[in-house]
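All values below were derived from every heavy atom in this structure, side-chain atoms included, with hydrogens, water molecules and symmetry-related copies excluded. Along the sequence shown, residues are numbered consecutively beginning with 1.
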Amino acid sequence: MKLGLCLSGGGAKGAYQAGVIKALYEKGIDKFHSISGTSIGAINGYFIYTDNSENLEKMWIRMEENSPETIKVVDKTVDNSQTIDILKALEFNNLDMNFYVNYVEIENKEVKEKVVNISGLAENSALEAVKYSALLPANESSTLNLKDQFLIDLKEGLYDGYKLDGGLLRNTLVQPLIEDNVDKMIIISTRHDYIIPDYIKNEYDEKNIILVRPNTQFSTEDTLRFEPEFCRKIYKEGYEIGKSISL
């Protein structure tokens, strides 16, 4: 069976997603034909792609070691270099699977989505695509939420030439799995109210779509809440929910 795995974005809420992945692996659900990831989903997916799932758990439950005490803004973006350094330290085992990530390219105040299959890419190129997928814009002087402020800054041309977080356009990257004709897919969303879009239902019988959603209703602020206690709590929630999944 060709199994697909879709990992949505959500910043610190990716701890929940990692807990689900841990439970899947314990149940022997660990062979994927294709995976896709956006933002933190791209980072989590990279652990799977390089056969380092045990290190994924360590990253999230030891967040006091793996996250800066304060969010750092560099060149109008949320600095993700520390997380990328964690990925660089992993042994690069290129598993036989497709791994799709998305990010946005900005030119002349217009945003275009770029979807990259990093399977077969050299390690540096693969990490570059993951870095862009998880690179959030940030305006330190703003009182607006991230997305509203980004739209203002975009119109002013502040991000021309940038490559930024894929979730700015599409937070749940399912289309590549459909195009790969996977037989069944698991979608791990970080939204408690995520609903499977009609275009997916038109392609797949719902019995072949396993949707995994958190019980917790996360807030917008939780995206950057990389606090050890919070991450461990929602990791455990994901793990408990994941234990009930069967193919």
Is the closest side-chain donor-acceptor distance between Q17 and T190 under 3.5 Å? no
Are V115 and P176 packed together at the side-chain level, in the sense that at least one heavy-atom pair is separated by less than 4.5 angstrom? yes
Neighbour count above 12 (heavy atom, 6.0 Å) for N202 CG: yes
Provide the closest heavy-atom pair for Y235 versus E57 in the form atom of the first, atom of the second, distance. OH-CG, 3.0 Å
After noting the C-alpha distance and the side-chain angles of D183 and L3, does the key distance pass the side-chain contact (heavy atoms from CB on, under 4.5 Å) rule? CA-CA 6 Å; D183 300 307; L3 181 62; over 6 Å; no
Kindly work out whether a path of hydrophobic side-chain contacts (I/L/V/M/F/W/Y, heavy atoms less than 4.5 Å apart) joins I188 to I245. yes
Begin with the C-alpha distance, continue with both residues' side-chain angles, and end with the deciding distance and a verdict on side-chain contact (heavy atoms from CB on, under 4.5 Å) for I187 and V174. CA-CA 8 Å; I187 302 173; V174 180; 4.1 Å; yes
Rounded at 0.5 Å granularity, tell me how far CD in E179 sits from CG in N117. 11.0 Å
Within 6.0 angstrom of K243 NZ, more than 12 heavy atoms from elsewhere: yes
Side-chain contact, heavy-atom cut-off 4.5 Å: K184 with M1? yes
Beyond-backbone contact of L168 with V111, side-chain heavy atoms, under 4.5 angstrom: no
Using modelled atom types and a 3.5 Å cut-off, is there a donor and acceptor pairing between side-chain atoms of D79 and backbone atoms of V74? no
Exceeds 12 heavy-atom contacts within 6.0 angstrom, atom NZ of K201: yes
If you count every heavy atom of other residues, nucleotides or ligands that lies below 6.0 Å from K76 atom NZ, does the total exceed 12? yes
So how far is it from D193 CG to Q217 CD, rounded to the nearest 0.5 Å? 7.0 Å
Within the structure provided, determine whether Y46 and L56 are in side-chain contact (heavy-atom separation under 4.5 Å). no
State, to 0.1 Å, how close R225 and F230 come at their nearest heavy-atom pair, and which atoms those are. O-CD2, 3.1 Å
List the steps, then state whether salt bridge (Lys or Arg N to Asp or Glu O under 4.0 Å) holds for E107 with K112. CA-CA 8 Å; E107 296 293 342; K112 288 186 177 181; over 6 Å; no
I'd like a table of donor-acceptor pairs (distance under 3.5 Å, sequence neighbours excluded) in which one partner is a side-chain atom from residues 124-138, with atom names and distances.
unit_1, atom_1, unit_2, atom_2, d
K131, NZ, N80, OD1, 3.2
S133, OG, S39, N, 2.9
S133, OG, N102, O, 2.7

Side-chain heavy atoms of M185 within contact of L5, under 4.5 Å: no
Count the heavy atoms belonging to other residues, nucleotides or ligands that lie under 6.0 Å from CD of E229, then report whether that count exceeds 12. no
What residues, two or more places apart in sequence or in another chain, satisfy ring pair (Phe, Tyr, Trp, His ring centres under 6.0 Å) together with Y100? none
Would a 4.5 Å heavy-atom cut-off, applied to side chains only, mark F47 and E54 as touching? no
Could you walk me through whether T172 and T38 pass the side-chain contact (heavy atoms from CB on, under 4.5 Å) check? CA-CA 7 Å; T172 306; T38 298; over 6 Å; no
Would you say T77 and D75 are linked by a side-chain donor-acceptor pair, where the criterion is simply a distance under 3.5 Å? no
So do the side chains of F99 and V101 get within less than 4.5 Å of each other, counting heavy atoms only? yes
Side chains of Y103 and E113 in contact at under 4.5 Å (non-hydrogen atoms): no
Distance-only side-chain donor-acceptor flag, N98 / D180, under 3.5 Å: yes
Measure from the side-chain N and O atoms of N55 to the backbone N and O of S53, and report whether any donor-acceptor pair falls under 3.5 Å. no
Are I234 and L224 co-members of a hydrophobic cluster defined by side-chain heavy atoms under 4.5 Å apart? yes
Residue list, ring pair (Phe, Tyr, Trp, His ring centres under 6.0 Å) with Y162, at least two apart or on another chain: Y159
How far apart are the closest heavy atoms of Y204 and L177, and which atoms are they? OH-O, 3.8 Å
Run the numbers on T216 and H192 for side-chain contact (heavy atoms from CB on, under 4.5 Å), then give the verdict. CA-CA 6 Å; T216 299; H192 77 287; over 6 Å; no
Indicate the ring-plane relationship of F92 and Y49, choosing parallel, tilted or perpendicular according to the 30° and 60° boundaries. perpendicular
Is the closest side-chain donor-acceptor distance between Y239 and E26 under 3.5 Å? yes
What's the shortest heavy-atom distance between M97 and F32, and which atoms? CB-O, 3.4 Å
Minimum heavy-atom distance R213-I241, with the two atoms named: O-CD1, 3.6 Å
For P214 against S189, the heavy-atom pair lying closest together: CD-O, 3.3 Å
Compute whether any side-chain donor of one residue and acceptor of the other, for D205 and N208, lie under 3.5 angstrom apart. no
Above 12 or not: heavy atoms from other molecules or residues under 6.0 Å from NZ of K27? yes
